[in-house]
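Note that the numbering runs from 1 along the sequence shown for the chain.
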Amino acid sequence: FYWFDSERAIVEAKRMVNVTHEGDVVLDVSGIIALAISKTISGIFLSNSDDKIEFIEFLMSKTETPIIRSYLNLVQSLIIEGVDDLNEAILKLGNGNFSPEVLSLSLFIFLKNTSSFRNAVLKAANAYGDFGGCTSGIGFLTGALSGALLGIESIPSSFINDIENNQYLHRLSEKVK
């Protein structure tokens, strides 16, 4: 993973996703996810609304499709408006398995919970709203972003100890440091 080189992270993410998926939207989402994780793991500050808005604007500047830009714009609007209600965000962003919905809701939950991995992941895993939703994808992406920002020490030990093959995953995480 090219966390130290955002542009390369985008290219490599798209190349990997292109093996199993096609279409501009899916490729754009994969690039934005790689970019978001790359920027987050490299030590970006997200302590206030201005930092979060700047982060979203940076992501928007790298997107290649109007639909992803519009979803990121919706996330930015929710942050600017100070929306805290998850159900309101779900109604505006969606929570289905359409990749722009997973990306945008995950970003929203992550940005609203930048100080607690536990809170971010639990909110994401329970982001089913009135109709269900792709909570596994939303939880996965929110956890990746939150873990990249806060580090492994922010993950509750019960979350780690209950994961299958957790020792192997820990060794992999050591290689990224």
Asker: Got a sec: does the CG of N97 have more than 12 other heavy atoms crowding it under 6.0 Å?
Answerer: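 No, CG of N97 has 12 or fewer neighbouring heavy atoms, counting only those of other groups under 6.0 Å.
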
Asker: By the salt bridge (Lys or Arg N to Asp or Glu O under 4.0 Å) test, which pairs, at least two apart or in different chains, include something from residues 43-55?
Answerer: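 Every candidate salt bridge (Lys or Arg N to Asp or Glu O under 4.0 Å) pair involving residues 43-55 fails, so no pair, neighbours aside, qualifies.
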
Asker: How far apart are the closest heavy atoms of S38 and A9, and which atoms are they?
Answerer: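 Smallest heavy-atom distance, with atoms named: CB-CB, 4.3 Å.
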
Asker: Sequence neighbours left out, what pairs pass side chain to side chain donor-acceptor pair (under 3.5 Å) with at least one residue falling in residues 132-150?
Answerer: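 Matches after skipping sequence neighbours: none remain.
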
Asker: Closest heavy-atom contact between A127 and I109?
Answerer: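 Minimum heavy-atom separation between A127 and I109: CB-CD1, 4.1 Å.
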
Asker: Could you tell me which residues satisfy side-chain contact (heavy atoms from CB on, under 4.5 Å) with A144, sequence neighbours excluded, listed by chain and number?
Answerer: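 With neighbours one apart ignored, the set is I37.
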
Asker: Looking only at heavy atoms, which two atoms of A124 and G139 are closest? And how far apart?
Answerer: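 Nearest pair, atom of A124 first, then G139: CB-CA, 3.6 Å.
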
Asker: Determine whether F55 and L107 satisfy the following criterion, side chain to side chain contact (heavy atoms under 4.5 Å, CB included), listing intermediate values before the conclusion.
Answerer: CA-CA 10 Å; F55 179 65; L107 279 170; 4.1 Å; yes

Asker: Can you name the nearest heavy-atom pair linking S30 to A13, along with the distance?
Answerer: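 Shortest heavy-atom separation between S30 and A13 comes out as O-CB, 3.5 Å.
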
Asker: If you define the side chain from C-beta out and look only at heavy atoms, does anything of F58 sit under 4.5 Å from L35?
Answerer: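 Contact flag for F58/L35 side chains = yes.
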
Asker: Grab the two heavy atoms, one from G31 and one from I10, that are nearest each other, plus how far apart they are.
Answerer: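 G31 and I10 have their closest heavy atoms at O-CG1, 3.5 Å.
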
Asker: Evaluate the side-chain proximity of K39 to L59: yes if any heavy-atom separation is below 4.5 Å, no if none is.
Answerer: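 Answer no - side chains too far apart.
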
Asker: Running the 4.5 Å side-chain criterion over Ile, Leu, Val, Met, Phe, Trp and Tyr, what cluster does V26 land in, apart from itself?
Answerer: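 V17, L27, all in the cluster of V26.
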
Asker: Taking salt bridge (charged side-chain N to carboxylate O under 4.0 Å, His left out) as the test, write out the residues that go with E57, two or more places apart.
Answerer: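 Result, salt bridge (charged side-chain N to carboxylate O under 4.0 Å, His left out) vs E57: none returned.
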
Asker: Within a reach of under 6.0 Å around CZ of F159, are more than 12 heavy atoms found that belong to other residues, nucleotides or ligands?
Answerer: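 Enclosed.
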
Asker: Which residues pass the side-chain contact (heavy atoms from CB on, under 4.5 Å) test with D24, not counting sequence neighbours?
Answerer: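 Testing D24 for side-chain contact (heavy atoms from CB on, under 4.5 Å), a comparison that skips the adjacent residues, returns T65.
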
Asker: Keeping to residues at least two apart or across chains, list the salt bridge (Lys or Arg N to Asp or Glu O under 4.0 Å) pairs with something in residues 91-103.
Answerer: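 Salt bridge (Lys or Arg N to Asp or Glu O under 4.0 Å) check on residues 91-103 returns E81-K92, E88-K92.
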
Asker: If I compare all heavy atoms of P156 with all of F117, which pair ends up nearest, and what's the gap?
Answerer: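 Shortest heavy-atom separation between P156 and F117 comes out as CD-CD2, 3.8 Å.
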
Asker: Do I80 and L86 sit in the same hydrophobic cluster, where Ile, Leu, Val, Met, Phe, Trp and Tyr count as joined when their side-chain heavy atoms come under 4.5 Å apart?
Answerer: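 In one cluster: yes.
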
Asker: Is any NZ, NE, NH1 or NH2 atom of the basic residue among E12 and R15 found under 4.0 Å from an Asp or Glu carboxylate oxygen of the other?
Answerer: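 Salt bridge flag = yes for R15 with E12.
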
Asker: Among residues at least two apart in sequence or on other chains, which ones pass side chain to side chain donor-acceptor pair (under 3.5 Å) with S158?
Answerer: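 S158: no side chain to side chain donor-acceptor pair (under 3.5 Å) contacts found.
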
Asker: Is there a path of hydrophobic side-chain contacts, each under 4.5 Å between heavy atoms, that joins L46 and V83?
Answerer: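 L46 clusters together with V83.
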
Asker: Are Y128 and L122 connected in a single hydrophobic cluster, I mean Ile/Leu/Val/Met/Phe/Trp/Tyr linked by side-chain heavy atoms less than 4.5 Å apart?
Answerer: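 Each belongs to a different hydrophobic cluster.
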
Asker: Could you tell me which residues satisfy side-chain contact (heavy atoms from CB on, under 4.5 Å) with N73, sequence neighbours excluded, listed by chain and number?
Answerer: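 For N73 the side-chain contact (heavy atoms from CB on, under 4.5 Å) partners, ignoring immediate neighbours, are M60, Q76.
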
Asker: For D162, give me all partners under side-chain contact (heavy atoms from CB on, under 4.5 Å), at least two apart in sequence or on another chain.
Answerer: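 Testing D162 for side-chain contact (heavy atoms from CB on, under 4.5 Å), a comparison that skips the adjacent residues, returns none.
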
Asker: Would a distance-only check, ignoring hydrogens and angles, find a side-chain to backbone donor-acceptor pair under 3.5 Å from D28 to T63?
Answerer: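 Flag not set: sc D28 to bb T63 has no pair under 3.5 Å.
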
Asker: Would you indicate whether the side-chain heavy atoms of L105 and L141 approach each other to under 4.5 Å?
Answerer: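 No, side chains not in contact.
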
Asker: Within this structure, what is the OG-CD1 distance for the pair S154 and I152, rounded to the nearest 0.5 Å?
Answerer: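 So the OG of S154 and the CD1 of I152 are separated by 8.5 Å.
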
Asker: Surrounding CZ of F140 (heavy atoms of other residues, nucleotides or ligands, distance under 6.0 Å), is the total greater than 12?
Answerer: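 Counting neighbours around CZ of F140, 12 or fewer heavy atoms of other residues, nucleotides or ligands fall under 6.0 Å, so no.
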
Asker: Do you reckon L91 sits in the same ILVMFWY cluster as F108, going by side-chain contacts under 4.5 Å, direct or chained?
Answerer: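 Result: no, two separate clusters.
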
Asker: Taking salt bridge (Lys or Arg N to Asp or Glu O under 4.0 Å) as the cut-off, I'd like each qualifying pair that reaches into residues 111-127, sequence neighbours left out, listed once.
Answerer: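 Listed by first then second residue: D84-K112.
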
Asker: Would I160 end up clustered with L145 when hydrophobic side chains under 4.5 Å apart are linked, directly or stepwise?
Answerer: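 Cluster IDs for I160 and L145 match.
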
Asker: Report the C-alpha separation of L111 and I56 in whole Å, then their side-chain angles, then the decisive distance to 0.1 Å, and conclude whether the side chain to side chain contact (heavy atoms under 4.5 Å, CB included) test is met.
Answerer: CA-CA 10 Å; L111 291 171; I56 296 167; 3.6 Å; yes

Asker: Is any side-chain heavy atom of L93 closer than 4.5 Å to a side-chain heavy atom of L78?
Answerer: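 The answer is yes, as the side chains (C-beta and beyond) meet within the 4.5 Å cut-off.
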
Asker: Using side chain to side chain donor-acceptor pair (under 3.5 Å) as the criterion, list what pairs up with T40, not counting sequence neighbours.
Answerer: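 None.
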
Asker: Counting C-beta onward and ignoring hydrogens, is there a side-chain heavy-atom pair between V25 and Y71 closer than 4.5 Å?
Answerer: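 No, every pair of side-chain atoms sits at 4.5 Å or beyond.
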
